[in-house]
**Student:** 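The structure that follows is given in the form of structure tokens.
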Amino acid sequence: MDKYEQVIELAKRRGFLWNSFELYGGTAGFYDYGPLGCTLKRRIEQIWRDMFVIQEGFMEIETPTVGIESVFVASGHVAGFSDPLCECKVCGEAFRADHLVEKIVPVADALSNEELDRIIRENHVKCPECEGELGETYEFNLMFKTRIGPGAGRQGYMRPETAQGMFVDFLRLARFYREKLPFGATQIGKSYRNEISPRQGVIRLREFTQAEAEIFIDPNDKSHPNIGRFADTVLNLYSGAAQEKGEIERLTLGEALEKGIIAHEFLAYQIGLTNLFLQRVGVSPDMLRFRQHKKDEMAHYAMDCWDAEVSTDRFGWIEVVGIADRTDYDLCSHAAVSRTELSIYREYPKPRMVTRFCVKPDMGKLGPLFKGKAKAVAEALKALSREELEKEDIRINVDSEDIIVPGDAVEFAEETVRVSGENIVPHVVEPSFGIDRIFYTVLEHAFDVEAVPAKEDIGEESRIILRFRNEVSPVQVAVLPLLTREELIGPARKIEARLREKGLLVSYDDSGTIGRRYRRNDEIGTPYSVTVDYETLEDNTVTIRERDSMKQVRTPIEGIEDVLYDLMYRGRDFESAGTAF
RNA sequence: GCGCCGAUGGUCUAGUGGCUAUGACUGGGGCCUUCCAAGCCCUAAACCCGGGUUCGAAUCCCGGUUGGCGCACCA
């Protein structure tokens, strides 16, 4: 059994992850989060929220998981998030149509479906499997389709990323942030991709959770006021150049910026923040690296992109976060499709005096002369140079028709005007987190099997432990009466209530022997166990047992909720929680 | 989508055509005055789905679902 198998087996058995629809045989690419899994996932999301929403101030929004067609036309997903497939009419096998013709034409992946069909027909391309005739090329789009409304309805798609909802709300967001850059919005939610063949458990899902921030910044100023915070943070960097050599470099973010490895401060800051987040939820620092996209793998609109990758036992390095400078690509696309200017007005520090050549067509003369074409004529005149406008008869071409305009129908001059600002289209820096993959990594990096001496001095037995960071543990304290007897159950129930009131996640467990219950709690990563015994009845003290060391201290019931709270959240030293014995 | 290999209680597993389907662990209830899967008693729980062959199928055949691996895919 490799580690993946052990982790998934434990996750299933203990209520972290279950295959969805298991009762009906299951469906690939979908997982249920069980009681402990759901709690763990929420706690990871809550830490993300703390860092990006509360600390960074990028407010969270919520947009629909169903989108209308225009949104994904603009984003490029309708046209580009698909592959051309072509099925054999005889054996039914499906092939990538562009792959079938790539030996015939050099740039097969740039062809339309009609062109592909034509090339297949003209070159008599047959099914590679059975030599049968091939059907028409069609697009297999990786978006789930749905219909909005009854009857024919309107075409809708399940969103393949949460990002588009935030771009679409750009103008509203800009106004909310009082039109000052930089500002950002975040979203934590489900996205959907109809993967052809999802595998690898929770690593590749058809429905998955993303936490994304879209940060709109000034394209002319990509500095970050707080970059000093991470200047000395040492990271495993795997830049494009480092990948050529196959060697990961250990550099501070400051050095990486100085050497120009990372494009700019704002991106570097997000890398620093991502590093902090991943370690806080429990990713091992030595199993974490930041890999730069090589020029040829970067999406065409991105100018620099770094993936946070974590090392996993079975799958090797997997991407868990993508941090990209998407430039103005998304806003420009949505502006073009919606025909709405998506920009922000930025005032100059000082107004500038700008001298420019200004053309003023005299519509009073052009109108009667050219009637319906007058507007087009005026537009054409505005594009001309001084030399051309100075002629007595000005020649222009409108809709491939030569037109002569009398010189007195247009005025022009150099003008100096006062310009106090300009409209700029912000660039977008996007950190995008795959929560499900991070969730799995947290489980795998926390998973440990330890040998402990067996009871009867016969060899060793193994102890399975999830060494969660306290902040993410789905159960924080187990309350255990030593024996299942009324006199011990009573006080234990009271302690349970007391801890719950403090807001701690408590589980009460009185079934089986005490040793069995400690092991059970080790397996789900409970950091502390409180045990009620007969001494409790005499002096109102209980024991607290620490998961990792298996050490115990004895401490009074009075105030125990504060002691445990401090252990959980304030890094209180375990030895100080009571008297060792 | 394709190819190869698998699928038996919650978990791991025995079972190559024939009695009521093997065992361990786990789970639940109880006993137990003392702390790391201890012991004792009781108890629950499985042949992935659908066809076929056969007197008889967990077992053989076909199809599907699902998991793993390889190919392909991963804007």
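Reminder, nothing fancy here: chain letters follow the sequence lines and each chain counts from 1.
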**Student:** Counting side-chain heavy atoms from CB outward, which of G67(B), G68(B), C35(B) is closest to Ala28(A)?
**Tutor:** G67(B)
**Student:** Under a 3.5 Å cut-off for both contacts, is A46(B) paired Watson-Crick or G-U wobble with anything, and if yes, with which nucleotide?
**Tutor:** none
**Student:** Run through Val66(A), Val78(A), Val71(A), Ile68(A) and flag the one making a side chain to side chain contact (heavy atoms under 4.5 Å, CB included) with Tyr157(A).
**Tutor:**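 Considering Val66(A), Val78(A), Val71(A), Ile68(A), a side chain to side chain contact (heavy atoms under 4.5 Å, CB included) with Tyr157(A) is found only for Val78(A).
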**Student:** Please confirm whether the backbone N or O of Gly29(A) pairs with a side-chain atom of Arg206(A), one donor and one acceptor, at under 3.5 Å?
**Tutor:** no
**Student:** Does Arg516(A) get its side chain close enough to the base of C36(B), under 3.5 Å, for a donor-acceptor pair?
**Tutor:** no
**Student:** Compare side-chain N and O positions of Thr513(A) against OP1 and OP2 of A38(B) and report whether any pair is under 4.0 Å apart.
**Tutor:**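 Checking Thr513(A) against A38(B): at least one side-chain N or O falls below 4.0 Å of OP1 or OP2.
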**Student:** Locate the shortest heavy-atom distance separating Leu537(A) from Glu487(A); write the atom from each residue and the value.
**Tutor:**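 Taking every non-hydrogen atom into account, CD2-O, 3.4 Å.
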**Student:** For atom C1', what is the distance between C71(B) and U53(B), given to the nearest Å?
**Tutor:** 35 Å
**Student:** Distance between the C1' atoms of A44(B) and G30(B), in whole angstroms?
**Tutor:**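 So the two C1' atoms sit 15 Å from each other.
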**Student:** Answer yes or no: is there a donor N or O on one side and an acceptor on the other, between the side chain of Gln292(A) and the main chain of Gly240(A), under 3.5 Å?
**Tutor:** yes
**Student:** Could you verify whether a donor N or O on one side chain and an acceptor N or O on the other, from Tyr33(A) and Thr39(A), lie under 3.5 Å apart?
**Tutor:**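 There is no such pair (donor and acceptor under 3.5 Å, judged by atom type) between the side chains of Tyr33(A) and Thr39(A).
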**Student:** Could you tell me how far G67(B) sits from U11(B) if I compare only their C1' atoms? Round to whole Å.
**Tutor:** 16 Å
**Student:** Side chain of Leu483(A): nearest nucleotide among U33(B), A75(B), A38(B)?
**Tutor:**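 Side chain of Leu483(A) sits closest to U33(B).
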**Student:** Classify Arg204(A) by what it touches in the nucleic acid, base, sugar-phosphate, or nothing, heavy-atom distance under 4.0 Å.
**Tutor:** base
**Student:** If the cut-off is 4.0 Å, is Thr543(A) near the phosphate of C35(B), judged by side-chain N/O to OP1 or OP2?
**Tutor:** no
**Student:** Under 4.0 Å between any heavy atoms, over every strand shown, what does Glu161(A) touch: base, sugar-phosphate, or nothing? Just pick one.
**Tutor:** base
**Student:** Considering only U66(B), C35(B), C36(B), which nucleotide approaches the side chain of Asp533(A) most closely?
**Tutor:**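 So the nucleotide nearest the side chain must be C35(B).
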**Student:** Starting from P on C69(B), measure out to CD1 on Ile203(A) and report it in whole angstrom.
**Tutor:** 11 Å
**Student:** Tell me the interatomic distance from Glu450(A), atom CD, to A37(B), atom P, rounded to whole angstroms.
**Tutor:** 13 Å
**Student:** Could you give the distance separating C19(B) and U26(B) at their C1' atoms, to the nearest angstrom?
**Tutor:** 30 Å
**Student:** Say we look at C48(B) and A38(B): how far apart would their P atoms be, to the nearest angstrom?
**Tutor:** 32 Å
**Student:** If I take atom OH in residue Tyr329(A) and atom P in nucleotide A75(B), what distance separates them, rounded to the nearest angstrom?
**Tutor:** 14 Å
**Student:** Could you please name the option among C32(B), G28(B), C69(B) that lies closest to any side-chain atom of Arg520(A)?
**Tutor:** G28(B)
**Student:** Is there a donor and acceptor pair, one atom on the side chain of Gln552(A) and one on the base of C35(B), closer than 3.5 Å?
**Tutor:** yes
**Student:** For Gln164(A) and A75(B), what is the distance between atoms CD and P respectively, to the nearest whole Å?
**Tutor:**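 Interatomic distance, CD of Gln164(A) to P of A75(B): 15 Å.
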**Student:** In whole angstroms, how far is the P atom of A72(B) from the CG atom of Leu142(A)?
**Tutor:**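 Result: 17 Å.
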**Student:** Keeping Glu309(A) on the side-chain end and Trp317(A) on the backbone end, is there a donor-acceptor pair under 3.5 Å?
**Tutor:** no
**Student:** Do we see a donor-acceptor contact under 3.5 Å between the side chains of Asp509(A) and Ser507(A)?
**Tutor:**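 There is no such pair (donor and acceptor under 3.5 Å, judged by atom type) between the side chains of Asp509(A) and Ser507(A).
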**Student:** For Arg463(A), answer base if it contacts any base atom (sugar-phosphate contacts may also be present), sugar-phosphate if it contacts only those atoms, and nothing otherwise; contact means non-hydrogen atoms under 4.0 Å.
**Tutor:**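 Since no nucleic acid heavy atom lies under 4.0 Å of Arg463(A), the category is nothing.
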**Student:** So does Tyr518(A) reach the base of C35(B) with its side chain, donor to acceptor, closer than 3.5 Å?
**Tutor:**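 Donor-acceptor pair under 3.5 Å: yes.
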**Student:** Which comes earlier along RNA chain B counting from the 5' end, the contact point of Glu9(A) or that of Tyr24(A), where each point is its nearest nucleotide?
**Tutor:**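 Result: Glu9(A).
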**Student:** Considering every strand and a 4.0 Å limit on heavy-atom distances, what is the contact class for Glu523(A): base, sugar-phosphate, or nothing?
**Tutor:**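 Result for Glu523(A) = base.
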**Student:** Select base, sugar-phosphate, or nothing to describe what Tyr4(A) touches, counting heavy atoms under 4.0 Å on all strands.
**Tutor:**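 Sugar-phosphate, no base atom in range.
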**Student:** Starting from P on G67(B), measure out to CG on Leu205(A) and report it in whole angstrom.
**Tutor:**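 Going from CG in Leu205(A) over to P in G67(B) covers 11 Å.
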**Student:** Considering only U66(B), C69(B), C32(B), which nucleotide approaches the side chain of Thr27(A) most closely?
**Tutor:**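 Between U66(B), C69(B), C32(B), the one nearest the side chain of Thr27(A) would be U66(B).
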**Student:** For Thr531(A), answer base if it contacts any base atom (sugar-phosphate contacts may also be present), sugar-phosphate if it contacts only those atoms, and nothing otherwise; contact means non-hydrogen atoms under 4.0 Å.
**Tutor:** base
**Student:** Determine which nucleotide pairs with A37(B), using a 3.5 Å limit on both distances of a Watson-Crick or G-U wobble pair.
**Tutor:** none
**Student:** Nearest-nucleotide wise, let me know which of Gly512(A) and Glu487(A) is further upstream toward the 5' end of RNA chain B.
**Tutor:** Gly512(A)
**Student:** Just call it for Glu5(A): base, sugar-phosphate, or nothing, with non-hydrogen atoms closer than 4.0 Å on any strand.
**Tutor:** nothing
**Student:** Both distances under 3.5 Å, Watson-Crick or G-U wobble: report the partner of A24(B), or none.
**Tutor:**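 When the pairing criteria are applied, U11(B) turns out to be the nucleotide that pairs with A24(B).
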**Student:** Whole angstrom is fine here: how far is it from CG in Asn19(A) over to P in C49(B)?
**Tutor:**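 From Asn19(A) CG to C49(B) P: 16 Å.
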**Student:** Looking at G3(B), which nucleotide sits across from it as a Watson-Crick or G-U wobble partner, both distances under 3.5 angstrom, or is there none?
**Tutor:**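 Looking at the geometry, G3(B) pairs with C69(B).
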**Student:** Just name whichever nucleotide pairs with C32(B), Watson-Crick or G-U, keeping both distances under 3.5 Å, else none.
**Tutor:**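 Answer to the pairing question: none, since C32(B) forms no Watson-Crick or G-U pair.
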**Student:** Would you measure the distance from the P atom in A46(B) across to the matching atom in U33(B) and give it in whole Å?
**Tutor:**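 That atom pair is separated by 36 Å.
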**Student:** When the C1' atoms of C25(B) and G9(B) are considered, how many whole Å apart are they?
**Tutor:**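 Straight-line distance between the two C1' atoms is 12 Å.
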**Student:** Could you tell me whether Gly76(A) contacts a base, only the sugar-phosphate backbone, or nothing, with contacts defined as non-hydrogen atoms closer than 4.0 Å?
**Tutor:** nothing
**Student:** Which nucleotide, in any strand shown, forms a Watson-Crick or G-U wobble pair with U16(B), with both distances under 3.5 Å?
**Tutor:**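 Here U16(B) is not engaged in any pair, so there is no nucleotide opposite it.
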**Student:** With sugar-phosphate meaning primed atoms plus P, OP1 and OP2, does Arg14(A) contact a base, only sugar-phosphate, or nothing at under 4.0 Å between heavy atoms?
**Tutor:**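 Nothing: the residue Arg14(A), judged by heavy atoms under 4.0 Å, touches no strand.
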**Student:** In whole angstroms, how far is the P atom of G27(B) from the NZ atom of Lys12(A)?
**Tutor:** 19 Å
**Student:** Would you say the side chain of Arg13(A) and the base of C25(B) hold a donor-acceptor pair, judged only by whether the two atoms sit under 3.5 Å apart?
**Tutor:**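 Donor-acceptor pair under 3.5 Å: no.
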**Student:** I'd like to know whether the aromatic ring centres of Phe315(A) and Tyr4(A) sit less than 6.0 Å apart in this structure.
**Tutor:** yes
**Student:** Could you work out the separation of A45(B) and A21(B) based on their C1' atoms and round it to a whole Å?
**Tutor:** 14 Å
**Student:** Using a distance-only criterion (donor-acceptor N/O pair, under 3.5 Å, no hydrogens), is the base of A37(B) paired with the side chain of Arg519(A)?
**Tutor:**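 Indeed there is one.
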**Student:** Can you check whether Trp48(A) and Phe433(A) have ring centres sitting under 6.0 Å from each other?
**Tutor:** yes
